[in-house]
Asker: 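Below you'll find the structure I mean.
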Number of protein chains: 2
Amino acid sequence: MATLKEVAKLAGVNISTASRALNDSPSISAATKVRVRQAAEELGYRPNLSARALSGKGTGAIALVVSDIMSPVWNILAGGACDAASAASVPALLYCAETDADYLDRVLPEMISTGAAGAVLGLHLSEEAQRKTEASGLPAVLAECFPLAGLPAVYSSRYDAAREAAAYLQQKGAKTVVLVTVPGFDMAYNKGCADALKDTGARLRVLTGPNTYQAGFALGYSLADELYGPTGIVAVCDGQALGVQHALQNRGVRVPQDCAILSLEDSVLATATYPGLTTMSKPLYRIGAKAAEKLLLKIKGQPVESECLRHTLTVRKSTL
Amino acid sequence: MATLKEVAKLAGVNISTASRALNDSPSISAATKVRVRQAAEELGYRPNLSARALSGKGTGAIALVVSDIMSPVWNILAGGACDAASAASVPALLYCAETDADYLDRVLPEMISTGAAGAVLGLHLSEEAQRKTEASGLPAVLAECFPLAGLPAVYSSRYDAAREAAAYLQQKGAKTVVLVTVPGFDMAYNKGCADALKDTGARLRVLTGPNTYQAGFALGYSLADELYGPTGIVAVCDGQALGVQHALQNRGVRVPQDCAILSLEDSVLATATYPGLTTMSKPLYRIGAKAAEKLLLKIKGQPVESECLRHTLTVRKSTL
DNA sequence: CTGAAAGCGCTTACAG
DNA sequence: CTGAAAGCGCTTACAG
């Protein structure tokens, strides 16, 4: 790789002039800039980011941490953040951290050591983890994680999604709404459903199980025996939703006629099934992208605010 | 962040001694090593990777390039590579490149500029792109991409997967095997199926369409009219396979009794459907992990060989 | 508008 | 076994 020194030599200027020309400093004559740029072009010059980092500017690299890149949900968020980073031509470092402890003990120190300019935090972080991140001084913005400390976040409202989903099903005729969720998950889902059904005469049931297709299937199988009258299911994850759906269909329950199903995710699973799964889709790609954009602003010292992005209802065939 | 200088001061040694102690140089007394390490621990010292990179060692960061992190296939490969990198505690830079041109014009120069020590190339690269990568001097290993130039690769055999899939269906009674593939895809799939059916009396049909559920659905719909006798479908991707399956079922074709379906991927889609999709699964996670491990070896100067990893047959309910 | 110099935090010959 | 010094490739006050 050509270095700045060689570029400067070819352009016949001092290395510091070359540096300024390439960084578009206002105190450099247009003629010089042109000359230096041509030289850089000719040599295929690419700045060494490590050197740049060391001399003050930082590599500009941002870290992207998600709980699991292999999940068909977090990978979308990562995709949005990655695209935003590449649009701004800053490198993106990928980290996976499944637990708070792993994040705090391993990932956070590693990010700092690597010289990341900031981090997009696309995973569920406790208040303590959020506080410690802020205390570390590393600029960070949360992605699809509710802000509990001072860090800004880009996220979608689970409460709203659940409330609108339950309301939608109730309006379509459901007398019973079943919320299928995961033990330990955000209670905002429960509250949203409950609020939507208040004073409607429809009742709410809550079923919990692991976030998997198999668990949903088991839940659906037993649910089939207890279905009386028009029912709507709000599932917190696509996998669960499909498991429930297939078990019900297997037991002779017609979807959506006897029982409608709506998921609060919107992964590949939602479209690759028949009948297609209706979803209140989280804008994960945009959340990832926006979080990265805000991070870049924050790194530049600009103030950034938290932002709640709207989900959108995508009606497919699992609801009326 | 504490610097090496502060650690050295606290340990009462010269900075170069501190550096060597931390890097476990053989020419440092055990007692000194202990002292320096305690000092580092006490200060929460973390080496500045940019500085290290600049002074010769490289950041050690490896680049991870995939065609699309949002795909439920490539994200698994990325997950394997990411885990391997973190096990070796080297940072992983994530890049997405959908085309050869984007890879060559944007990603490759960026990786070099960022000072990546090497790259795991988890995308389909033409011979030219492979050659240019090698010429760039950046250590690289291909992941799930057939080696066409000098770069080593970790991949699975498409020919074998297709051949075994077709043979399996034929043995289960299929008189016609339909290969559902994507225009422009590797012809090894076609050849594998053809070879498997040679001299069996079973015939091969090839249908092509985009790699999507919708395209598969359309294909399946028209295929339903032309089904005579026991048929087996080998689909190159899960999305297509499911589309075909659902369309057939929709048209009254029983899966697997009238028509068996086998996919050559094994994404989340395969398990989150009913009946479950039988697959000849590519070991994508292991491919990603192994490619990263080999890359790390290659960076250290050790010779590495290409390796073909076996797929495994996962029988679910879409075949007899 | 441009140049000479210092410095970022490390590693690694070179002495001792 | 340890220290003093040079150097990696940049950026940025400080002079001029």
Side-chain angles (χ1 to χ4, degrees), chain A residues 1-37 39-40 43-61 90-91 109-110 112-117 299-300, chain B residues 1-37 39-40 43-61 90-91 109-110 112-117 299-300:
Chain A
M1 268 335 260
T3 69
L4 228 206
K5 207 165 158 186
E6 307 176 58
V7 173
K9 193 173 165 195
L10 181 60
V13 297
N14 183 280
I15 181 176
S16 43
T17 301
S19 170
R20 284 189 273 250
L22 259 13
N23 288 314
D24 208 20
S25 155
S27 70
I28 294 287
S29 75
T32 307
K33 281 186 187 173
V34 170
R35 210 141 32 88
V36 172
R37 279 176 194 160
L43 296 172
Y45 170 74
R46 290 247 136 201
N48 176 321
L49 295 195
S50 293
R52 175 176 287 175
L54 204 52
S55 59
K57 274 219 162 155
T59 52
V90 308
E110 272 186 17
I112 292 173
S113 170
T114 307
I299 290 171
K300 282 191 191 137
Chain B
M1 270 334 263
T3 69
L4 228 208
K5 208 166 159 184
E6 306 175 59
V7 172
K9 194 172 165 196
L10 181 60
V13 297
N14 183 278
I15 182 178
S16 44
T17 302
S19 170
R20 286 188 272 249
L22 260 14
N23 288 314
D24 208 20
S25 153
S27 70
I28 294 287
S29 76
T32 306
K33 280 185 186 172
V34 170
R35 214 144 26 93
V36 172
R37 277 172 195 163
L43 296 172
Y45 169 74
R46 290 248 139 200
N48 177 320
L49 295 196
S50 294
R52 175 175 288 177
L54 203 52
S55 58
K57 272 219 163 154
T59 53
V90 309
E110 272 185 16
I112 292 172
S113 168
T114 307
I299 291 171
K300 283 192 191 136

Asker: Would a distance-only check, ignoring hydrogens and angles, find a side-chain to backbone donor-acceptor pair under 3.5 Å from B/S113 to B/P109?
Answerer: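 Looks like no, no N/O pair under 3.5 Å.
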
Asker: As a test of reading the structure: which of C/dC10, C/dG3, D/dT2 is closest to the side chain of B/T17, going by heavy atoms?
Answerer: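 Looking only at heavy atoms from C-beta outward on B/T17, the closest nucleotide is D/dT2.
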
Asker: Among C/dC10, D/dT11, D/dG9, find the nucleotide with the atom closest to the side chain of A/N23.
Answerer: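 So the nucleotide nearest the side chain must be D/dT11.
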
Asker: Might you list the N or O atoms of the protein lying below 3.5 Å from N or O atoms in nucleotides 4-6 of chain C, with each pair's distance?
Answerer:
{"residue": "C/dA4", "atom": "OP2", "partner": "A/N14", "partner atom": "ND2", "Å": "2.8"}
{"residue": "C/dA4", "atom": "N6", "partner": "A/S16", "partner atom": "OG", "Å": "3.1"}

Asker: Establish, with yes or no, whether the OP1 or OP2 oxygen of C/dT2 is under 4.0 angstrom from a side-chain nitrogen or oxygen of A/T32.
Answerer: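 Looking at the OP1 and OP2 atoms of C/dT2, one of them is under 4.0 Å from a side-chain N or O of A/T32.
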
Asker: In whole angstroms, how far is the C1' atom of C/dG9 from the CG atom of B/L43?
Answerer: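 These atoms are roughly 15 Å apart.
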
Asker: With a cut-off of 3.5 Å and sequence neighbours excluded, list every side-chain donor-acceptor pair involving residues 3-16 of chain A.
Answerer:
{"residue": "A/T3", "atom": "OG1", "partner": "A/K5", "partner atom": "N", "Å": "3.4"}
{"residue": "A/E6", "atom": "OE2", "partner": "A/T3", "partner atom": "N", "Å": "3.1"}
{"residue": "A/N14", "atom": "OD1", "partner": "A/S16", "partner atom": "N", "Å": "2.7"}
{"residue": "A/N14", "atom": "OD1", "partner": "A/S16", "partner atom": "OG", "Å": "2.6"}

Asker: Where the side chain of A/S29 is concerned, which of D/dT2, C/dC1, D/dG9 is the nearest nucleotide?
Answerer: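 Selected nucleotide (nearest to the side chain): C/dC1.
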
Asker: Mind pulling the stems DNA chain C is in, i.e. runs of at least three Watson-Crick or G-U pairs, everything under 3.5 Å?
Answerer: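 Paired runs of 3+ in DNA chain C: C:1-3 with D:14-16, C:5-12 with D:5-12, C:14-16 with D:1-3.
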
Asker: Consider the side chain of B/A51, meaning its heavy atoms from C-beta on, and name the nucleotide among C/dC8, C/dG3, C/dC10 that approaches it most closely.
Answerer: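 For the B/A51 side chain, the nearest candidate turns out to be C/dC10.
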
Asker: Among D/dT11, C/dT2, D/dC10, which nucleotide has an atom closest to any side-chain atom of A/N48?
Answerer: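 Out of D/dT11, C/dT2, D/dC10, the nucleotide with an atom closest to A/N48's side chain is D/dC10.
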
Asker: Under 4.0 angstrom, heavy atoms only, what part of the nucleic acid is B/T3 near: base, sugar-phosphate, or nothing?
Answerer: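 Here B/T3 touches the backbone only, sparing every base.
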
Asker: Holding to side chain to side chain contact (heavy atoms under 4.5 Å, CB included), I want the full list of residues that pass it with B/I112, two or more places apart in sequence or in another chain.
Answerer: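 Side chain to side chain contact (heavy atoms under 4.5 Å, CB included) list for B/I112, sorted by chain: A/M1, B/L108, B/S136.
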
Asker: My understanding is that only residues two or more places apart in sequence, or in another chain, count here; which of them pass side chain to side chain contact (heavy atoms under 4.5 Å, CB included) with A/R37?
Answerer: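 Expected list: A/L22, A/D24, A/K33.
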
Asker: Remember a base hit wins even if backbone is also touched, and classify A/S27 as base, sugar-phosphate or nothing at under 4.0 Å, heavy atoms.
Answerer: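 The residue A/S27 makes base contact.
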
Asker: Nearest 0.5 angstrom please: A/R52 CZ to B/L54 CG, how far?
Answerer: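 Answer for the CZ-CG pair, A/R52 versus B/L54, is 13.0 Å.
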
